[in-house]
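Here is how names work: the chains are called A, B, and so on, in the same order as the sequence lines, proteins then strands, and each is numbered from 1.
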Amino acid sequence: MSKSDLSFVRTEMLPEQAPPVTEQGVVKWLRENLFAGPINTVMTLISLVVIYKILVGITPWLANGVWTTSSLAECREVLQGQTGGCFSVLTERWNQLLFGFKYPVEEYWRPTLAFVLLMVAITPVLFQELPRLFVAAAAVIATVVLVELLAGAAGLAVPTVVVGGLGYWVLARFGAAQGWGSMAVSRKLLLVTGLFPFVGYWLIWGGTVLAPLVALVGVLAGYMAFRRFEAASFAMGFLAALVAALVVWYLGGFVTAAAQDALALPEVPSRDMGGFMLNMMLGTVCVSLSLPIGIVLALGRQSDMPIIKWICVVFIEFIRGVPLITLLFVANVVLAYFLPPGTNFDLILRVIIMITMFSSAYIAEVIRGGLAALPAGQYEAADSLGLDYAQSMRLIILPQALKISIPGIVNVAVGLFKDTTLVSVISMFDLVGMIRGPILASTEWNGVYWELWGFAVVLFFVVCYGISQYSQWLERQLQRDHR
Amino acid sequence: MKKTVFLGALTVAGLAAGAAAAATLDDVKARGKLNCGVTTGLVGFAAPDANGNWDGFDVGLCRAIAAAVLGDAAAVEFVPTTGKTRFTALASGEIDVLARNTTWTFSRDVDLKFDFLGVNYYDGQGFMVPKSLGVSSAKELDGATVCIQTGTTTELNLADFFRANNIKYEPVPIETNAEAQPLYLEGACDVYTTDASGLAATRAAFENPQDHVVLPEIISKEPLGPLVRHGDNDWGDIVRWTLNALIAAEELGVTSANIDEMAGGTNNPEINRLLGTEGTLGEMLGLDKDWAMRAIKSVGNYGELFERNIGENTPIGLSRGLNAQWTNGGLLYSPPFR
């Protein structure tokens with residue numbers, strides 16, 4: 001190799017050059033994602049036009065929105081023919097949209113408090129270790145609600161946000177340092193979860209505190225009886241628990257009847273419940289009831305005992321074969337014919353029973369899918385360990401089957417929550433019922449559509465999107481990479 | 001077979017139980033509240049206000065009955081019913097009286113076993129079109145698309161009307177009045193048809209009501225009135241004569257303003273009988289002598305009730321039309337209080 005063969009050899013490295021403009025940054029992203037080819041370009045342009053049109057339509061509607069008038073006619077006067085939303089209907093009727101039109105105004109704090117407690121109560125169930133963000137969010141909500149309650153009005157948005165933000169910061173700082181959000185705290189919060197059904201009932205319906213207290217004592221007595229007889233067999237323990245609870249409830253009935261005024265909140269009859277509160281109540285109660293019932297039904301359907309199996313099969317197939325709206329009509333209308341006149345079987349209770357039956361049938365099928373997906377080896381492994389049926393289900397089978405079923409269960413839960421709006425058809429005033437009935441039928445607001453339905457969409461979207469995000473998070477948490 | 005027998009037995013038991021609880025008046029008095037079925041919301045006829053208090057034309061009748069029977073116009077439990085649940089609510093005894101702008105028809109009266117006790121609003125089906133359509137009569141509507149509520153008598157009336165006039169139309173089925181409004185305004189249908197009172201209320205809520213006209217044709221009879229279950233005629237009499245008392249009060253010039261003065265005794269014996277200063281009409285009904293006076297005093301006479309809720313000075317702006325007293329060319333004609 002001689003030097004003269006090569007005309008030129010570079011002896012130093014060239015400095016790095018920036019990539020071409022078309023291959024970096026925004027331009028690259030645009031080229032790759034929006035203008036990758038002729039079809040893609042055309043689609044992008046069409047989408048841009050559509051987005052532009054929507055924005056042009058919505059922006060003045062939002063920006064010119066009227067928030068302070070007391071009727072649609074006044075709104076129109078203020079707007080003078082300009083485009084603009086009449087959001088006054090929300091500021092004037094927000095309480096009816098949230099609580100229904102008959103819930104006493106001075107008692108609004110009760111369902112609000114119940115809602116906050118619900119958030120606290122479901123936290124330990126949903127999160128084994130409370131995420132710090134959640135603690136902080138709970139703090140914000142709690143602070144906001146507290147301030148709202150103290151101020152007694154919704155018109156103090158700015159200070160509320162300031163105080164809420166402060167609470168967020170403080171709790172995120174100190175909460176983490178104190179180890180809030182650890183497993184131990186979560187365990188303690190489970191106590192709140194256990195008490196919530198009774199407290200929530202007392203807060204929302206009112207009446208003497210003795211009634212939910214007796215119910216609680218009955219449940220405790222049942223639990224203790226169960227522990228006592230569990231050793232004999234699961235069924236024995238279950239039976240003993242049932243008997244103990246019934247005895248306590250029966251005896252407690254006399255106590256409650258004797259002392260109607262002990263620590264009584266003003267009673268609010270079921271008929272007066274309404275608005276989004278009703279949707280939340282129905283959704284929460286029915287989902288939490290239908291999950292255990294669904295599990296029992298799914299197991300029952302797989303049982304070897306023919307009577308149990310056929311009861312479960314017939315129940316599931318019958319309920320799944322009937323539309324929910326039909327069941328609701330049965331609850332509202334047909335039952336009234338069969339019950340003796342004068343008996344007033346609580347309408348909300350009837351509806352809860354029907355919706356719970358409906359969703360538990362669906363959840364049972366979802367869980368059956370999970371059970372079927374488990375390899376037979378898992379059942380055999382449980383047997384070979386010498387576990388009895390209850391133990392093997394509780395320790396081996398269900399944890400795996402339920403994990404597989406999560407997406408399906410969440411799907412049913414979201415669907416169920418939205419289905420609670422169907423009760424508007426049987427003249428209950430949930431959020432949709434309130435909008436369709438009293439508010440659109442009032443002389444002041446007859447003709448306001450977009451604002452009201454938009455509000456309903458936002459409320460439902462927030463809840464349903466939250467549920468779905470949670471389920472995705474949960475799936476990631478439980479991921480053990482089997483597949 | 002066995003199942004049928006069982007169901008039959010249940011039905012019989014239910015009917016027997018229904019018949020046993022016939023004395024509605026006693027039930028209402030024992031309860032201290034009147035259970036009155038109303039709509040879930042219809043502009044002017046029944047709707048709760050921002051404070052949750054029910055108000056409206058039908059609501060007024062409920063309050064009058066409660067005032068007559070219980071002495072307190074506020075002693076009413078309003079039970080909202082939809083078009084689908086109203087009849088079962090009444091038949092099952094959940095409500096004592098249904099005042100839910102319900103059309104009095106043969107089959108409802110006879111086949112469904114209800115008693116209609118008079119008419120508190122004479123309605124009829126009409127048409128509304130945009131002025132720009134340039135139509136002045138319903139007979140010019142050949143080929144029009146028509147927004148119509150499904151499952152109602154209006155749907156059947158419409159079919160009859162177009163067939164009788166040998167013209168064609170295209171129906172756009174909708175569920176509720178609230179749904180029809182935006183559809184009609186966006187031009188999804190050329191014509192909106194429903195009861196004339198509903199048309200007036202709908203039109204009144206438009207941004208530009210003057211751009212729409214209600215055509216002169218009224219193609220059906222829709223007498224709306226209160227109804228009760230068959231079989232308890234004493235209770236039916238109370239409802240019927242409370243309505244008649246409100247109508248008669250307008251005819252006789254008794255208003256909620258001058259009733260105290262009139263109750264002191266007047267030269268008109270019919271007023272005296274109505275207000276209980278003469279005769280024993282109240283006792284015959286099983287009530288006391290002031291029953292009608294309380295009813296009129298609490299809600300006003302028929303004319304006052306009308307003007308306050310749906311009359312020309314309200315946003316709905318209905319004129320009396322057929323609902324004027326017979327002396328003014330209307331159809332309201334209360335039998336004499338004698």
Do you know which two heavy atoms are closest between [X] and [Y], and how far apart they sit?
{"X": "A/Glu92", "Y": "B/Ala50", "answer": "OE1-CB, 4.2 Å"}
{"X": "B/Gly52", "Y": "A/Lys102", "answer": "O-CG, 4.4 Å"}
{"X": "A/Ala441", "Y": "B/Ala47", "answer": "O-CB, 3.7 Å"}
{"X": "B/Asp49", "Y": "A/Gln96", "answer": "O-NE2, 2.8 Å"}

Legend entry - Residues, nucleotides or ligands: over 12 heavy atoms within 6.0 Å of A/Leu55 CG: yes
Residues, nucleotides or ligands: over 12 heavy atoms within 6.0 Å of A/Trp453 CH2: yes
Side chain, backbone, both or neither: which part of [X] has a non-hydrogen atom closer than 4.5 Å to chain A?
{"X": "B/Thr82", "result": "both"}
{"X": "B/Pro315", "result": "side chain"}
{"X": "B/Phe45", "result": "neither"}
{"X": "B/Asn53", "result": "neither"}

Sorted by chain and number, sequence neighbours left out, side-chain hydrogen bond (donor to acceptor under 3.5 Å, both in side chains) with A/Asp430 holds for A/Asn279
In terms of heavy-atom proximity below 4.5 Å to chain B, should [X] be classed as side chain, backbone, both, or neither?
{"X": "A/Tyr103", "result": "neither"}
{"X": "A/Leu72", "result": "side chain"}
{"X": "A/Ser70", "result": "neither"}

Separation between CG (A/Leu328) and OG1 (B/Thr85), nearest 0.5 Å, reads 12.0 Å
Taken to the nearest 0.5 Å, the spacing of A/Asn446 CG from B/Leu42 CG works out to 9.0 Å
Residues 180-188 of chain B vs chain A, non-hydrogen distance cutoff under 4.5 Å, contacting residues -> B/Gln181, B/Pro182
task: Output, in order, the C-alpha distance, side-chain angles, deciding distance and verdict of side chain to side chain contact (heavy atoms under 4.5 Å, CB included) for B/Val79 and A/Arg271.
output: CA-CA 9 Å; B/Val79 180; A/Arg271 201 182 277 294; 3.8 Å; yes
